[in-house]
Structures are given as structure tokens and as C-alpha cells.
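Please read the structure below before turning to the comments.
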Amino acid sequence: MLRSCASRLRTLGAVRGGARPPAGNPMPAQRWFSSEEVIRKDRSLPNPSWKKELRLLFEQFMKKCEDGSWTYIPFYSCRDSQMVREFKKLNPDLKLEEKELSQAQLFTRSYEEGMGFEYVLFCNDAEKRTVCLFQGGPFLQGTPGFLHGGAISTMIDAVLGTSAMLAMGFVMTANLNINFKRPIPIGSVVVINSHVDKVEGRKVFVSSDIRSADEKTLHSEATGLFIKLEPGKSLIYESV
């Protein structure tokens with residue numbers, strides 16, 4: 001069943017037991033494969049683009065972290081080189097060039113503040129849950145005034161994938177099924193709830209829903225299948 005997420009969270013730099021992230025105090029870090037220092041900025045912290053609803057929900061979940069039942073998961077603009085090394089061990093055929101790595105950005109964190117994906121993640125190990133507080137910006141528009149279905153799908157994939165990774169380590173998406181119920185207005189705040197349903201060998205089955213901040217509106221429901229990566233098994237020349 002679900003393994004303890006402690007080691008995964010150490011890799012992610014998560015905060016447990018009420019330790020509040022240092023707002024406005026970026027952390028020094030090492031650039032991938034280089035001794036040059038760079039500044040690590042936690043992109044999951046509140047910024048001026050966050051609406052009141054998102055700030056209130058963030059504070060509520062930070063309170064839940066104080067007893068250790070929930071864990072805040074930060075995201076730093078400079079990825080940890082340890083994670084890169086671990087991924088390279090799993091995939092020796094994957095060539096990661098330093099120049100390409102220095103330019104690479106996680107898709108959901110590649111927009112200016114307030115323009116794209118604004119979100120923060122919390123997890124509950126005992127309940128096998130991951131919760132994402134999400135606010136979609138104007139660059140994610142599909143039908144005028146509403147978020148694009150692809151942007152919503154991206155966030156669902158990211159949250160379900162986080163749940164699966166906390167359960168099993170490095171995983172990749174094998175299947176994603178989404179039922180869209182109600183469109184999400186641009187700039188509105190929603191809550192993505194994800195739950196690990198079962199683990200069968202290397203397979204992790206996860207489900208989720210998206211609801212409005214007041215929980216009155218169901219925007220979508222989804223299920224996903226993720227596969228744990230096997231050490232040394234090529235992702236390029238063989239199917240997972």
C-alpha cells in the first residue's frame with residue numbers, strides 16, 4: 001500500500017509540523033552540475049497576484065500543518081540537483097545536457113506571477129491525500145472568460161502525479177480520464193483534491209475532483225494510472 005512519503009518530501013523540501021516557509025527570504029542553492037550559487041525562490045508562497053480566497057485557504061492549510069497531519073510542499077525555482085541525479089540513475093539512456101537543463105523550466109511554473117498557474121500543494125500521508133489550491137491566470141484562457149480544458153488537465157495531471165510520486169517515487173502518467181462538469185472562470189480559486197485509491201505492483205491508481213473554494217460547485221472529476229519507473233529501464237527505447 002501507500003509508503004511513507006517522508007523521503008519523497010525531504011527531496012521536495014517540504015515543511016511539516018508548523019514550520020512556516022520564510023516569506024521574502026530566498027534560499028541559496030547550487031546550480032545543476034555547477035558550483036555557482038543561485039537563489040532558490042519558493043514559487044508556492046503567496047504573491048501579490050493571489051486573491052483573498054487563495055490566501056485564506058493557504059493560511060487554513062498552514063494551520064493544519066502545525067500538528068503534523070498535513071505537510072506543505074514548496075517548489076523552488078532552482079530544482080535540486082539530487083533529484084536530477086536520482087532520475088539519471090533510473091534512466092541512463094537519457095542524455096541531460098547542462099545547457100538544456102539550465103534553460104528548462106517546469107511547465108506549470110514557467111509563467112509570470114499571476115498570468116498562468118498559481119498553486120500550492122499540501123499532502124496528508126495518513127489519508128493518502130494531496131490537495132492543490134489553484135488560481136488560473138489570463139494566459140490560460142480557452143473559451144473567452146474561462147480556463148482552457150488543457151490547462152485544467154495539466155493541473156489534474158500534476159496533482160495526481162504528485163500523489164503517485166509520494167506513494168511510489170518517480171512515476172509517469174499511463175492513463176488520465178477527466179469528466180468536465182462546469183467551466184472554471186479565469187482568476188477564480190478552486191481546490192483540487194487527489195487520493196491514492198490503490199497500488200498494484202508498479203501501478204498507482206489515483207482519483208481527484210475539482211471544486212470551487214466554497215465547495216458548492218463541482219468543476220471536474222478524474223482518475224489516473226501512473227507507473228513507477230524501473231531503475232535502468234530505458235524510457236526512450238522501450239515502453240514502460
Closest non-hydrogen atom pair between P185 and S188, with its separation: O-OG, 2.7 Å
Hey, does I73 have a side-chain heavy atom less than 4.5 Å from the side chain of C123? yes
Identify, with sequence neighbours excluded, every residue that meets ring-ring contact (aromatic ring centres under 6.0 Å, His included) alongside F122. F61, Y72
Is M115 linked to F75 within one hydrophobic cluster, defined over Ile, Leu, Val, Met, Phe, Trp and Tyr using a side-chain heavy-atom separation of less than 4.5 Å? yes
side-chain contact (heavy atoms from CB on, under 4.5 Å) against A158, all qualifying residues, sequence neighbours excluded: none
For residues V189 and F134, determine if any side-chain heavy atom of one lies less than 4.5 Å from a side-chain heavy atom of the other. no
Qualifying salt bridge (Lys or Arg N to Asp or Glu O under 4.0 Å) pairs with a residue from residues 158-173, counting only residues at least two apart or across chains: none
Evaluation steps, side chain to side chain contact (heavy atoms under 4.5 Å, CB included), between T71 and D125: CA-CA 8 Å; T71 301; D125 190 22; over 6 Å; no
Using only atom types and a distance under 3.5 Å, with no angle test, would you say the side chain of N193 pairs donor to acceptor with the backbone of S208? no
Could you tell me the separation between the CG atom of L229 and the CE atom of M165, rounded to the nearest 0.5 Å? 11.5 Å
Honestly curious: do M172 and F170 fall in one hydrophobic cluster under the side-chain, below-4.5 Å linking rule? yes
Ignoring hydrogens, what is the shortest heavy-atom contact between V171 and G161? Give both atom names and the distance. CG2-O, 4.0 Å
Compare every heavy atom of A213 with every heavy atom of L57, then report the nearest pair and how far apart it is. CD1-CB, 4.1 Å
Could you tell me if the side chain of L121 sits less than 4.5 Å from the side chain of T130, heavy atoms only? yes
Listed partners of H195 passing side-chain contact (heavy atoms from CB on, under 4.5 Å), at least two apart: K128, R129, D197, S207
Between N177 and N175: side-chain donor-acceptor atoms closer than 3.5 Å: yes
Trace of the side chain to side chain contact (heavy atoms under 4.5 Å, CB included) decision for L133 with V131: CA-CA 7 Å; L133 313 177; V131 169; 4.0 Å; yes
At their closest point, which heavy atom of F58 faces which heavy atom of S44, and how far apart are they? CE1-O, 4.1 Å
Residues forming a side-chain contact (heavy atoms from CB on, under 4.5 Å) with N47, sequence neighbours excluded: S49, W50, E113, E118
Sequence neighbours excluded and cut-off under 3.5 Å, please list the side-chain donor-acceptor pairs for residues 136-144, or say none.
from	atom 1	to	atom 2	distance (Å)
Q141	OE1	G145	N	2.9

Counting C-beta onward and ignoring hydrogens, is there a side-chain heavy-atom pair between C132 and V191 closer than 4.5 Å? no
Y119 versus T108, side-chain donor and acceptor atoms under 3.5 Å: yes
Taking atom CD1 of I178 and atom CG of L160, what is their separation to the nearest 0.5 Å? 8.0 Å
Taking salt bridge (charged side-chain N to carboxylate O under 4.0 Å, His left out) as the test, write out the residues that go with K203, two or more places apart. none
Sequence neighbours excluded, which residues qualify as ring-ring contact (aromatic ring centres under 6.0 Å, His included) partners of F117? F107, Y111
For V190 and R211, what are the C-alpha separation, side-chain angles and deciding distance, and is it a side chain to side chain contact (heavy atoms under 4.5 Å, CB included)? CA-CA 6 Å; V190 297; R211 295 182 180 273; over 6 Å; no
Is any side-chain heavy atom of V199 closer than 4.5 Å to one of M168? yes
Just to verify, what does F146 make a ring-ring contact (aromatic ring centres under 6.0 Å, His included) with, not counting sequence neighbours? none
Can you list every pair that meets side-chain hydrogen bond (donor to acceptor under 3.5 Å, both in side chains) and has a residue in residues 214-227, with sequence neighbours left out? S212-D214
Could I get the full list of side-chain contact (heavy atoms from CB on, under 4.5 Å) partners for D157, not counting sequence neighbours? T173, L176, F226
Mind checking side chain to side chain donor-acceptor pair (under 3.5 Å) for E200 and listing every partner two or more places apart, or none if nothing turns up? K198
Does some side-chain heavy atom of E127 sit less than 4.5 Å from a side-chain heavy atom of W70? yes
So I152 and F180, do their side chains get closer than 4.5 Å, heavy atoms only? yes
Please tell me if the side chains of V204 and L225 come closer than 4.5 Å, counting only heavy atoms from C-beta onward. no
Looking at R55, I want to see if its CZ is surrounded by more than 12 non-hydrogen atoms of other residues, nucleotides or ligands under 6.0 Å. yes
If every non-hydrogen atom of A222 is compared with every non-hydrogen atom of I156, which pair is closest and at what distance? CB-CG2, 3.7 Å
